[in-house]
There are 2 protein chains.
Amino acid sequence: MPYSYQYPHPAVTTDIVIFTIRQQLELLLIRRADEPFKDCWALPGGFIDIDEDLEHCALRELEEETGVTGVYLEQLYTFGTPGRDPRERVISIAWYALVPPDRMHIRAASDAREVAWFEVRKLPPLAFDHKDIVALAHQRLSAKLNYSTIALQFMPEKFTLSELQQVHESILGTKLDKRNFRKRVAALGCVKETGEHRRDGKHRPARLFTMTSPGTVEIVK
Amino acid sequence: MPYSYQYPHPAVTTDIVIFTIRQQLELLLIRRADEPFKDCWALPGGFIDIDEDLEHCALRELEEETGVTGVYLEQLYTFGTPGRDPRERVISIAWYALVPPDRMHIRAASDAREVAWFEVRKLPPLAFDHKDIVALAHQRLSAKLNYSTIALQFMPEKFTLSELQQVHESILGTKLDKRNFRKRVAALGCVKETGEHRRDGKHRPARLFTMTSPGTVEIVK
DNA sequence: GCAAAAGTGTTCCAGATACACCCATGT
DNA sequence: ACATGGGTGTATCTGGAACACTTTTGC
(Lines give C-alpha, C1' and ligand atoms only; values in the text may rest on other atoms or scores of the structure.)
Protein backbone atom coordinates (compact mmCIF):
# COMPACT_ATOMS: atom_id res chain seq x y z
CA MET A 1 0.00 0.00 0.00
CA PRO A 2 2.26 2.74 -1.21
CA TYR A 3 0.11 5.83 -0.63
CA SER A 4 0.02 6.90 3.00
CA TYR A 5 -1.39 9.89 4.78
CA GLN A 6 -1.39 11.18 8.29
CA TYR A 7 -5.18 11.38 8.30
CA PRO A 8 -7.70 9.23 6.48
CA HIS A 9 -8.63 10.43 2.99
CA PRO A 10 -11.85 9.59 1.19
CA ALA A 11 -11.86 8.29 -2.35
CA VAL A 12 -13.12 10.80 -4.92
CA THR A 13 -15.01 9.77 -8.01
CA THR A 14 -16.97 11.34 -10.80
CA ASP A 15 -20.36 10.16 -12.03
CA ILE A 16 -21.95 11.43 -15.20
CA VAL A 17 -25.52 11.54 -16.32
CA ILE A 18 -25.19 11.42 -20.10
CA PHE A 19 -28.42 12.54 -21.70
CA THR A 20 -29.44 12.25 -25.29
CA ILE A 21 -32.74 12.53 -27.10
CA ARG A 22 -33.93 10.20 -29.76
CA GLN A 23 -37.63 9.59 -29.50
CA GLN A 24 -37.51 10.32 -25.80
CA LEU A 25 -35.06 11.67 -23.26
CA GLU A 26 -32.57 8.88 -22.60
CA LEU A 27 -29.47 8.38 -20.52
CA LEU A 28 -26.54 6.01 -20.65
CA LEU A 29 -26.07 3.26 -18.07
CA ILE A 30 -23.47 0.58 -17.58
CA ARG A 31 -24.05 -2.80 -16.08
CA ARG A 32 -21.63 -3.32 -13.22
CA ALA A 33 -19.29 -6.26 -13.59
CA ASP A 34 -18.13 -6.34 -9.96
CA GLU A 35 -19.36 -6.09 -6.44
CA PRO A 36 -20.90 -4.12 -4.92
CA PHE A 37 -24.12 -3.97 -6.94
CA LYS A 38 -22.77 -6.59 -9.33
CA ASP A 39 -24.94 -6.85 -12.48
CA CYS A 40 -26.84 -3.75 -11.43
CA TRP A 41 -27.11 -0.75 -13.76
CA ALA A 42 -25.12 2.34 -12.79
CA LEU A 43 -24.02 5.72 -14.10
CA PRO A 44 -20.69 5.83 -15.89
CA GLY A 45 -17.97 7.12 -13.64
CA GLY A 46 -14.68 6.43 -12.05
CA PHE A 47 -11.95 7.51 -9.74
CA ILE A 48 -10.27 10.81 -10.30
CA ASP A 49 -6.56 10.81 -11.11
CA ILE A 50 -4.55 12.53 -8.47
CA ASP A 51 -3.34 15.31 -10.79
CA GLU A 52 -6.42 15.56 -12.91
CA ASP A 53 -8.78 18.49 -13.07
CA LEU A 54 -12.33 17.66 -11.99
CA GLU A 55 -13.82 18.63 -15.32
CA HIS A 56 -11.17 16.69 -17.17
CA CYS A 57 -12.14 13.56 -15.27
CA ALA A 58 -15.75 14.00 -16.34
CA LEU A 59 -14.73 14.66 -19.93
CA ARG A 60 -12.55 11.57 -19.92
CA GLU A 61 -15.39 9.36 -18.68
CA LEU A 62 -17.69 10.87 -21.24
CA GLU A 63 -15.24 10.29 -24.06
CA GLU A 64 -14.56 6.72 -22.96
CA GLU A 65 -18.23 5.83 -23.00
CA THR A 66 -19.55 7.72 -25.96
CA GLY A 67 -16.57 8.82 -28.02
CA VAL A 68 -17.85 12.39 -28.05
CA THR A 69 -15.95 15.56 -27.26
CA GLY A 70 -16.98 19.17 -27.20
CA VAL A 71 -20.49 18.65 -25.89
CA TYR A 72 -22.24 20.47 -23.07
CA LEU A 73 -21.05 19.43 -19.63
CA GLU A 74 -22.01 20.96 -16.30
CA GLN A 75 -21.21 20.14 -12.71
CA LEU A 76 -24.36 19.07 -10.91
CA TYR A 77 -23.76 18.39 -7.22
CA THR A 78 -21.41 16.51 -4.94
CA PHE A 79 -22.69 13.43 -3.15
CA GLY A 80 -20.87 12.02 -0.18
CA THR A 81 -23.15 10.46 2.40
CA PRO A 82 -21.08 8.01 4.43
CA GLY A 83 -22.03 4.48 3.46
CA ARG A 84 -23.20 5.30 -0.05
CA ASP A 85 -20.43 2.94 -1.18
CA PRO A 86 -20.03 -0.05 1.14
CA ARG A 87 -16.32 -0.49 0.38
CA GLU A 88 -14.86 2.78 1.56
CA ARG A 89 -15.80 6.41 1.98
CA VAL A 90 -16.45 7.70 -1.51
CA ILE A 91 -17.28 11.27 -2.42
CA SER A 92 -18.64 11.65 -5.91
CA ILE A 93 -18.80 14.79 -7.96
CA ALA A 94 -21.77 14.38 -10.28
CA TRP A 95 -21.98 16.02 -13.72
CA TYR A 96 -24.41 15.91 -16.55
CA ALA A 97 -23.74 16.04 -20.28
CA LEU A 98 -25.97 16.60 -23.29
CA VAL A 99 -25.10 14.65 -26.41
CA PRO A 100 -26.73 15.15 -29.80
CA PRO A 101 -27.75 11.68 -30.99
CA ASP A 102 -25.79 11.94 -34.23
CA ARG A 103 -22.52 12.64 -32.44
CA MET A 104 -21.92 9.51 -30.45
CA HIS A 105 -20.46 6.11 -31.06
CA ILE A 106 -20.88 3.88 -28.04
CA ARG A 107 -17.86 1.74 -27.48
CA ALA A 108 -20.00 -1.00 -26.12
CA ALA A 109 -18.29 -4.30 -26.77
CA SER A 110 -14.77 -2.91 -26.42
CA ASP A 111 -14.32 -4.12 -22.88
CA ALA A 112 -17.14 -6.64 -22.74
CA ARG A 113 -19.22 -4.44 -20.50
CA GLU A 114 -22.86 -4.01 -21.15
CA VAL A 115 -23.76 -0.42 -22.01
CA ALA A 116 -27.21 0.80 -22.94
CA TRP A 117 -29.49 3.78 -23.31
CA PHE A 118 -32.62 3.91 -21.19
CA GLU A 119 -35.57 6.23 -21.31
CA VAL A 120 -35.49 8.48 -18.27
CA ARG A 121 -39.02 7.47 -17.38
CA LYS A 122 -38.30 3.74 -17.65
CA LEU A 123 -35.12 3.24 -15.68
CA PRO A 124 -34.12 -0.05 -14.09
CA PRO A 125 -33.07 -0.12 -10.43
CA LEU A 126 -29.77 1.72 -10.07
CA ALA A 127 -26.69 1.11 -7.98
CA PHE A 128 -25.59 3.32 -5.06
CA ASP A 129 -27.51 6.62 -4.86
CA HIS A 130 -27.58 6.99 -8.61
CA LYS A 131 -31.33 7.31 -8.68
CA ASP A 132 -31.00 10.56 -6.70
CA ILE A 133 -28.31 11.82 -9.04
CA VAL A 134 -30.46 11.17 -12.08
CA ALA A 135 -33.45 12.85 -10.48
CA LEU A 136 -31.45 15.96 -9.67
CA ALA A 137 -29.93 16.10 -13.15
CA HIS A 138 -33.33 15.82 -14.78
CA GLN A 139 -34.73 18.52 -12.53
CA ARG A 140 -31.84 20.87 -13.31
CA LEU A 141 -32.16 20.24 -17.03
CA SER A 142 -35.90 20.92 -16.95
CA ALA A 143 -35.38 24.13 -15.03
CA LYS A 144 -32.75 25.37 -17.49
CA LEU A 145 -35.12 25.00 -20.42
CA ASN A 146 -37.06 27.95 -19.06
CA TYR A 147 -34.24 30.41 -18.81
CA SER A 148 -31.54 29.33 -21.24
CA THR A 149 -30.95 28.01 -24.72
CA ILE A 150 -29.66 24.70 -23.37
CA ALA A 151 -32.03 22.57 -25.44
CA LEU A 152 -30.08 23.46 -28.57
CA GLN A 153 -27.19 21.41 -27.22
CA PHE A 154 -29.18 18.30 -28.10
CA MET A 155 -29.69 19.26 -31.71
CA PRO A 156 -27.71 18.14 -34.74
CA GLU A 157 -26.31 20.81 -37.01
CA LYS A 158 -29.54 21.19 -38.94
CA PHE A 159 -32.95 20.58 -37.47
CA THR A 160 -36.59 21.50 -37.84
CA LEU A 161 -38.57 23.54 -35.34
CA SER A 162 -40.81 20.56 -34.70
CA GLU A 163 -37.77 18.53 -33.72
CA LEU A 164 -36.66 21.25 -31.32
CA GLN A 165 -40.12 21.33 -29.85
CA GLN A 166 -40.08 17.57 -29.37
CA VAL A 167 -36.83 17.94 -27.45
CA HIS A 168 -38.47 20.40 -25.07
CA GLU A 169 -41.54 18.20 -24.73
CA SER A 170 -39.64 15.03 -23.97
CA ILE A 171 -37.58 16.77 -21.28
CA LEU A 172 -40.56 18.44 -19.65
CA GLY A 173 -42.90 15.52 -20.16
CA THR A 174 -45.65 17.84 -21.39
CA LYS A 175 -47.06 18.99 -24.69
CA LEU A 176 -46.41 22.55 -25.83
CA ASP A 177 -48.38 24.82 -28.11
CA LYS A 178 -46.74 25.00 -31.51
CA ARG A 179 -47.43 28.67 -32.20
CA ASN A 180 -46.34 29.87 -28.78
CA PHE A 181 -43.22 27.74 -28.93
CA ARG A 182 -42.20 29.16 -32.29
CA LYS A 183 -42.91 32.69 -31.21
CA ARG A 184 -40.62 32.26 -28.26
CA VAL A 185 -37.81 30.67 -30.27
CA ALA A 186 -38.05 33.44 -32.82
CA ALA A 187 -37.94 36.11 -30.12
CA LEU A 188 -34.79 34.58 -28.65
CA GLY A 189 -32.99 34.76 -31.96
CA CYS A 190 -31.04 31.63 -31.16
CA VAL A 191 -31.73 29.88 -34.46
CA LYS A 192 -31.64 30.95 -38.10
CA GLU A 193 -33.01 29.48 -41.29
CA THR A 194 -30.62 27.63 -43.55
CA GLY A 195 -32.88 28.03 -46.58
CA GLU A 196 -32.95 24.27 -46.95
CA HIS A 197 -35.88 21.97 -46.42
CA ARG A 198 -36.31 18.38 -45.39
CA ARG A 199 -38.89 16.14 -46.94
CA ASP A 200 -39.49 12.97 -45.00
CA GLY A 201 -43.04 11.79 -45.43
CA LYS A 202 -46.27 12.41 -47.13
CA HIS A 203 -46.57 15.94 -45.89
CA ARG A 204 -45.23 19.41 -46.40
CA PRO A 205 -41.40 19.66 -46.19
CA ALA A 206 -40.04 21.36 -43.08
CA ARG A 207 -37.59 24.25 -43.07
CA LEU A 208 -34.18 23.44 -41.63
CA PHE A 209 -32.67 25.71 -39.01
CA THR A 210 -29.27 25.98 -37.38
CA MET A 211 -27.93 27.62 -34.23
CA THR A 212 -26.80 31.20 -34.44
CA SER A 213 -24.14 30.66 -31.74
CA PRO A 214 -23.13 27.00 -31.78
CA GLY A 215 -21.52 25.72 -28.62
CA THR A 216 -22.79 28.49 -26.37
CA VAL A 217 -25.66 28.34 -23.91
CA GLU A 218 -27.17 31.71 -23.21
CA ILE A 219 -29.09 32.68 -20.13
CA VAL A 220 -32.22 34.48 -21.22
CA LYS A 221 -35.33 36.17 -19.94
CA MET B 1 1.60 7.46 8.52
CA PRO B 2 -1.12 5.08 9.50
CA TYR B 3 -3.63 5.57 6.67
CA SER B 4 -2.60 3.79 3.49
CA TYR B 5 -4.31 3.22 0.18
CA GLN B 6 -3.54 1.31 -2.96
CA TYR B 7 -4.06 4.44 -5.05
CA PRO B 8 -3.44 8.08 -4.16
CA HIS B 9 -6.38 9.86 -2.55
CA PRO B 10 -6.94 13.61 -2.57
CA ALA B 11 -7.71 15.52 0.59
CA VAL B 12 -11.30 16.75 0.81
CA THR B 13 -12.25 19.98 2.53
CA THR B 14 -15.24 22.22 2.94
CA ASP B 15 -15.19 25.99 2.53
CA ILE B 16 -18.11 28.18 3.54
CA VAL B 17 -19.11 31.61 2.43
CA ILE B 18 -20.97 32.92 5.48
CA PHE B 19 -23.06 35.90 4.51
CA THR B 20 -24.78 38.34 6.77
CA ILE B 21 -26.28 41.76 6.26
CA ARG B 22 -25.83 44.66 8.57
CA GLN B 23 -25.52 47.89 6.63
CA GLN B 24 -24.19 46.02 3.65
CA LEU B 25 -23.78 42.44 2.51
CA GLU B 26 -20.85 41.06 4.45
CA LEU B 27 -19.04 37.77 4.75
CA LEU B 28 -16.83 36.18 7.35
CA LEU B 29 -13.10 35.70 6.79
CA ILE B 30 -10.34 34.23 8.88
CA ARG B 31 -6.74 35.29 8.83
CA ARG B 32 -4.58 32.27 8.20
CA ALA B 33 -2.07 31.47 10.90
CA ASP B 34 0.01 29.03 8.85
CA GLU B 35 1.56 28.56 5.47
CA PRO B 36 0.53 28.54 2.71
CA PHE B 37 -0.95 32.02 2.45
CA LYS B 38 0.13 32.78 6.02
CA ASP B 39 -1.51 35.99 7.30
CA CYS B 40 -3.76 36.09 4.27
CA TRP B 41 -7.55 36.21 4.65
CA ALA B 42 -9.45 33.07 3.73
CA LEU B 43 -12.88 31.48 3.93
CA PRO B 44 -13.60 29.37 6.97
CA GLY B 45 -13.25 25.70 6.22
CA GLY B 46 -11.51 22.51 7.08
CA PHE B 47 -10.97 18.89 6.35
CA ILE B 48 -13.90 16.54 6.34
CA ASP B 49 -13.96 13.76 8.88
CA ILE B 50 -13.83 10.36 7.28
CA ASP B 51 -17.28 9.31 8.52
CA GLU B 52 -18.89 12.69 8.38
CA ASP B 53 -21.69 13.72 6.06
CA LEU B 54 -20.76 16.57 3.71
CA GLU B 55 -23.47 18.85 5.00
CA HIS B 56 -22.55 18.04 8.58
CA CYS B 57 -19.02 19.19 7.92
CA ALA B 58 -20.28 22.51 6.62
CA LEU B 59 -22.64 22.90 9.58
CA ARG B 60 -19.81 22.13 11.95
CA GLU B 61 -17.55 24.79 10.44
CA LEU B 62 -20.39 27.25 10.53
CA GLU B 63 -21.15 26.54 14.14
CA GLU B 64 -17.49 26.76 15.14
CA GLU B 65 -17.10 30.18 13.59
CA THR B 66 -20.38 31.85 14.32
CA GLY B 67 -22.12 29.79 16.99
CA VAL B 68 -25.28 29.63 14.90
CA THR B 69 -27.35 26.62 14.05
CA GLY B 70 -30.46 26.20 11.99
CA VAL B 71 -29.67 28.80 9.36
CA TYR B 72 -29.90 28.50 5.60
CA LEU B 73 -27.10 26.44 4.08
CA GLU B 74 -26.73 25.35 0.47
CA GLN B 75 -24.07 23.48 -1.45
CA LEU B 76 -22.51 25.78 -4.03
CA TYR B 77 -19.93 24.01 -6.18
CA THR B 78 -16.91 21.76 -5.88
CA PHE B 79 -13.50 23.20 -6.64
CA GLY B 80 -10.56 20.94 -7.31
CA THR B 81 -8.11 22.36 -9.81
CA PRO B 82 -4.76 20.65 -9.23
CA GLY B 83 -2.39 23.08 -7.60
CA ARG B 84 -5.06 25.21 -5.92
CA ASP B 85 -3.40 24.16 -2.66
CA PRO B 86 0.39 23.92 -2.95
CA ARG B 87 0.71 21.27 -0.25
CA GLU B 88 -1.27 18.40 -1.68
CA ARG B 89 -4.21 17.74 -3.95
CA VAL B 90 -7.21 19.27 -2.23
CA ILE B 91 -10.77 19.08 -3.44
CA SER B 92 -13.06 21.52 -1.72
CA ILE B 93 -16.83 21.39 -1.55
CA ALA B 94 -17.97 24.99 -1.23
CA TRP B 95 -21.18 25.99 0.57
CA TYR B 96 -22.82 29.23 1.44
CA ALA B 97 -24.82 30.16 4.50
CA LEU B 98 -27.09 33.08 5.36
CA VAL B 99 -26.98 34.31 8.93
CA PRO B 100 -29.34 36.90 10.43
CA PRO B 101 -27.11 39.45 12.16
CA ASP B 102 -28.84 39.02 15.51
CA ARG B 103 -28.20 35.29 15.61
CA MET B 104 -24.45 35.06 15.72
CA HIS B 105 -21.76 35.26 18.30
CA ILE B 106 -18.35 35.16 16.72
CA ARG B 107 -15.96 33.13 18.79
CA ALA B 108 -13.14 35.34 17.77
CA ALA B 109 -10.55 35.33 20.49
CA SER B 110 -11.22 31.74 21.53
CA ASP B 111 -8.28 30.35 19.62
CA ALA B 112 -6.35 33.55 19.03
CA ARG B 113 -7.25 33.59 15.37
CA GLU B 114 -8.28 36.79 13.73
CA VAL B 115 -11.85 36.63 12.44
CA ALA B 116 -13.70 39.50 10.81
CA TRP B 117 -16.62 40.52 8.68
CA PHE B 118 -15.91 42.25 5.37
CA GLU B 119 -18.22 43.98 2.97
CA VAL B 120 -18.51 41.89 -0.16
CA ARG B 121 -17.54 44.85 -2.28
CA LYS B 122 -14.46 45.65 -0.19
CA LEU B 123 -12.68 42.34 0.22
CA PRO B 124 -8.97 42.00 0.90
CA PRO B 125 -6.89 39.66 -1.26
CA LEU B 126 -7.95 36.08 -0.52
CA ALA B 127 -6.03 32.84 -0.19
CA PHE B 128 -6.26 29.97 -2.68
CA ASP B 129 -9.12 30.35 -5.17
CA HIS B 130 -11.43 31.80 -2.55
CA LYS B 131 -12.10 34.87 -4.63
CA ASP B 132 -13.74 32.66 -7.24
CA ILE B 133 -15.79 30.89 -4.60
CA VAL B 134 -17.06 34.17 -3.19
CA ALA B 135 -17.92 35.46 -6.65
CA LEU B 136 -19.94 32.35 -7.45
CA ALA B 137 -21.73 32.44 -4.11
CA HIS B 138 -22.67 36.08 -4.57
CA GLN B 139 -23.91 35.39 -8.07
CA ARG B 140 -26.02 32.45 -6.90
CA LEU B 141 -27.48 34.47 -4.06
CA SER B 142 -28.37 37.36 -6.37
CA ALA B 143 -30.04 35.00 -8.82
CA LYS B 144 -32.12 33.38 -6.09
CA LEU B 145 -33.57 36.71 -5.00
CA ASN B 146 -35.55 36.76 -8.22
CA TYR B 147 -37.25 33.42 -7.91
CA SER B 148 -37.33 32.54 -4.22
CA THR B 149 -37.98 33.92 -0.78
CA ILE B 150 -34.33 33.40 0.22
CA ALA B 151 -33.83 37.00 1.37
CA LEU B 152 -36.03 36.33 4.41
CA GLN B 153 -33.30 34.06 5.72
CA PHE B 154 -31.32 37.18 6.57
CA MET B 155 -34.06 38.74 8.64
CA PRO B 156 -34.47 38.70 12.41
CA GLU B 157 -37.79 37.52 13.77
CA LYS B 158 -39.41 40.92 13.36
CA PHE B 159 -38.46 43.40 10.71
CA THR B 160 -39.77 46.32 8.69
CA LEU B 161 -40.40 46.26 4.97
CA SER B 162 -37.75 48.92 4.50
CA GLU B 163 -35.24 46.64 6.16
CA LEU B 164 -36.21 43.80 3.87
CA GLN B 165 -35.85 46.09 0.90
CA GLN B 166 -32.39 47.15 2.06
CA VAL B 167 -31.40 43.48 2.19
CA HIS B 168 -32.40 43.06 -1.44
CA GLU B 169 -30.67 46.24 -2.45
CA SER B 170 -27.40 45.44 -0.76
CA ILE B 171 -27.29 42.00 -2.37
CA LEU B 172 -28.15 43.25 -5.83
CA GLY B 173 -26.16 46.46 -5.53
CA THR B 174 -29.04 48.47 -6.99
CA LYS B 175 -31.88 50.62 -5.72
CA LEU B 176 -35.42 49.32 -5.93
CA ASP B 177 -38.72 51.14 -6.15
CA LYS B 178 -40.45 51.10 -2.78
CA ARG B 179 -43.99 50.71 -4.06
CA ASN B 180 -43.18 47.97 -6.53
CA PHE B 181 -41.12 46.13 -3.97
CA ARG B 182 -43.94 46.15 -1.45
CA LYS B 183 -46.47 45.09 -4.04
CA ARG B 184 -44.36 42.07 -4.89
CA VAL B 185 -43.77 41.08 -1.27
CA ALA B 186 -47.47 41.36 -0.58
CA ALA B 187 -48.31 39.24 -3.63
CA LEU B 188 -45.94 36.52 -2.46
CA GLY B 189 -47.67 36.31 0.90
CA CYS B 190 -44.40 35.39 2.57
CA VAL B 191 -44.69 37.94 5.38
CA LYS B 192 -47.45 39.00 7.71
CA GLU B 193 -47.99 41.96 10.00
CA THR B 194 -47.36 41.49 13.69
CA GLY B 195 -49.45 44.51 14.60
CA GLU B 196 -46.45 46.01 16.37
CA HIS B 197 -44.52 49.08 15.34
CA ARG B 198 -40.97 50.22 15.78
CA ARG B 199 -40.10 53.82 16.48
CA ASP B 200 -36.47 54.64 15.98
CA GLY B 201 -36.04 58.19 14.88
CA LYS B 202 -37.75 61.40 14.26
CA HIS B 203 -40.15 59.96 11.76
CA ARG B 204 -43.24 57.82 11.49
CA PRO B 205 -42.97 54.41 13.23
CA ALA B 206 -42.64 51.42 10.91
CA ARG B 207 -44.87 48.36 11.03
CA LEU B 208 -43.15 45.17 12.06
CA PHE B 209 -43.59 42.03 9.95
CA THR B 210 -42.64 38.41 10.43
CA MET B 211 -42.28 35.42 8.11
CA THR B 212 -45.33 33.31 7.44
CA SER B 213 -43.22 30.13 7.02
CA PRO B 214 -40.04 30.56 9.04
CA GLY B 215 -37.16 28.35 8.02
CA THR B 216 -38.47 27.53 4.57
CA VAL B 217 -37.33 29.01 1.28
CA GLU B 218 -39.97 28.84 -1.38
CA ILE B 219 -39.37 28.84 -5.10
CA VAL B 220 -41.75 31.31 -6.64
CA LYS B 221 -42.82 32.85 -9.94
C1' DG C 1 -59.07 13.60 -52.39
C1' DC C 2 -57.27 12.35 -48.20
C1' DA C 3 -53.93 11.74 -44.59
C1' DA C 4 -50.18 13.91 -42.22
C1' DA C 5 -47.24 17.20 -40.47
C1' DA C 6 -45.82 22.29 -41.51
C1' DG C 7 -46.88 26.76 -40.91
C1' DT C 8 -49.24 31.08 -39.25
C1' DG C 9 -52.08 35.72 -35.77
C1' DT C 10 -55.01 37.57 -32.47
C1' DT C 11 -57.00 38.11 -28.04
C1' DC C 12 -56.51 38.08 -23.23
C1' DC C 13 -54.48 38.24 -18.72
C1' DA C 14 -50.93 38.73 -15.22
C1' DG C 15 -47.01 40.54 -13.61
C1' DA C 16 -43.31 44.18 -14.04
C1' DT C 17 -42.27 49.06 -14.49
C1' DA C 18 -42.56 53.99 -14.03
C1' DC C 19 -43.83 57.52 -11.32
C1' DA C 20 -45.25 61.62 -6.85
C1' DC C 21 -47.42 62.77 -2.96
C1' DC C 22 -49.24 62.57 1.99
C1' DC C 23 -48.35 60.72 6.97
C1' DA C 24 -46.52 60.30 11.67
C1' DT C 25 -42.98 61.39 14.47
C1' DG C 26 -38.82 64.01 16.97
C1' DT C 27 -36.52 68.15 17.45
C1' DA D 1 -42.31 74.29 11.05
C1' DC D 2 -39.21 71.28 9.21
C1' DA D 3 -36.59 67.18 8.53
C1' DT D 4 -36.85 62.23 8.22
C1' DG D 5 -38.17 57.96 6.77
C1' DG D 6 -43.00 55.39 6.42
C1' DG D 7 -46.66 54.52 3.61
C1' DT D 8 -49.81 54.41 -0.61
C1' DG D 9 -52.34 53.88 -6.28
C1' DT D 10 -52.60 54.29 -11.23
C1' DA D 11 -51.33 53.95 -16.01
C1' DT D 12 -48.62 51.46 -19.13
C1' DC D 13 -45.98 47.86 -21.09
C1' DT D 14 -44.48 43.22 -21.92
C1' DG D 15 -44.42 38.39 -22.06
C1' DG D 16 -47.10 34.10 -21.55
C1' DA D 17 -51.30 31.41 -22.50
C1' DA D 18 -55.27 30.05 -25.09
C1' DC D 19 -56.92 28.96 -29.33
C1' DA D 20 -58.14 26.92 -35.27
C1' DC D 21 -57.38 27.01 -39.79
C1' DT D 22 -54.61 26.89 -44.30
C1' DT D 23 -50.53 24.83 -46.87
C1' DT D 24 -47.73 21.42 -49.00
C1' DT D 25 -46.61 17.08 -49.85
C1' DG D 26 -47.02 11.55 -50.71
C1' DC D 27 -49.97 8.10 -51.67
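These numbers were taken from a predicted model, which means no experiment stands behind them. Naming: A, B, ... by sequence-line order, numbering from 1 per chain. No hydrogens, no waters, no symmetry mates; every other heavy atom, side chains included, goes into these values.
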Pairwise 5' ranking along DNA chain D for B:F209 and B:K202, keeping only the more 5' one: B:K202

Starting the side chain at C-beta, find the nucleotide from [options] nearest to [X].
{"X": "B:N180", "options": "C:dG26, D:dT25, C:dA18", "result": "C:dA18"}
{"X": "A:K221", "options": "D:dG16, C:dG7, D:dC19", "result": "D:dG16"}
{"X": "B:R184", "options": "C:dA16, C:dA4, D:dT4", "result": "C:dA16"}
{"X": "B:R204", "options": "D:dG5, C:dT25, C:dA5", "result": "D:dG5"}
{"X": "B:P205", "options": "D:dG7, C:dA3, C:dA24", "result": "C:dA24"}

Sugar-phosphate, base or nothing in reach of A:K183, heavy atoms under 4.0 Å: base

Sugar-phosphate, base or nothing in reach of A:S162, heavy atoms under 4.0 Å: sugar-phosphate

Side-chain heavy atoms of A:T210 within contact of A:V191, under 4.5 Å: no

C:dG7 phosphate, OP1 or OP2, under 4.0 Å from A:R207 side-chain N/O: yes

Side-chain N,O (A:R179) to OP1/OP2 (C:dG9) below 4.0 Å: no

Side-chain-base donor-acceptor pair under 3.5 Å for B:K178 and D:dG7: yes

Single hit among A:T160, A:L98, A:L164, A:I21 for side-chain contact (heavy atoms from CB on, under 4.5 Å) with A:M155: A:L164

Side chains of B:T69 and B:R103, donor plus acceptor under 3.5 Å: no

Nearest heavy-atom neighbours spanning A:W95 and A:T14: CD1-CG2, 3.6 Å

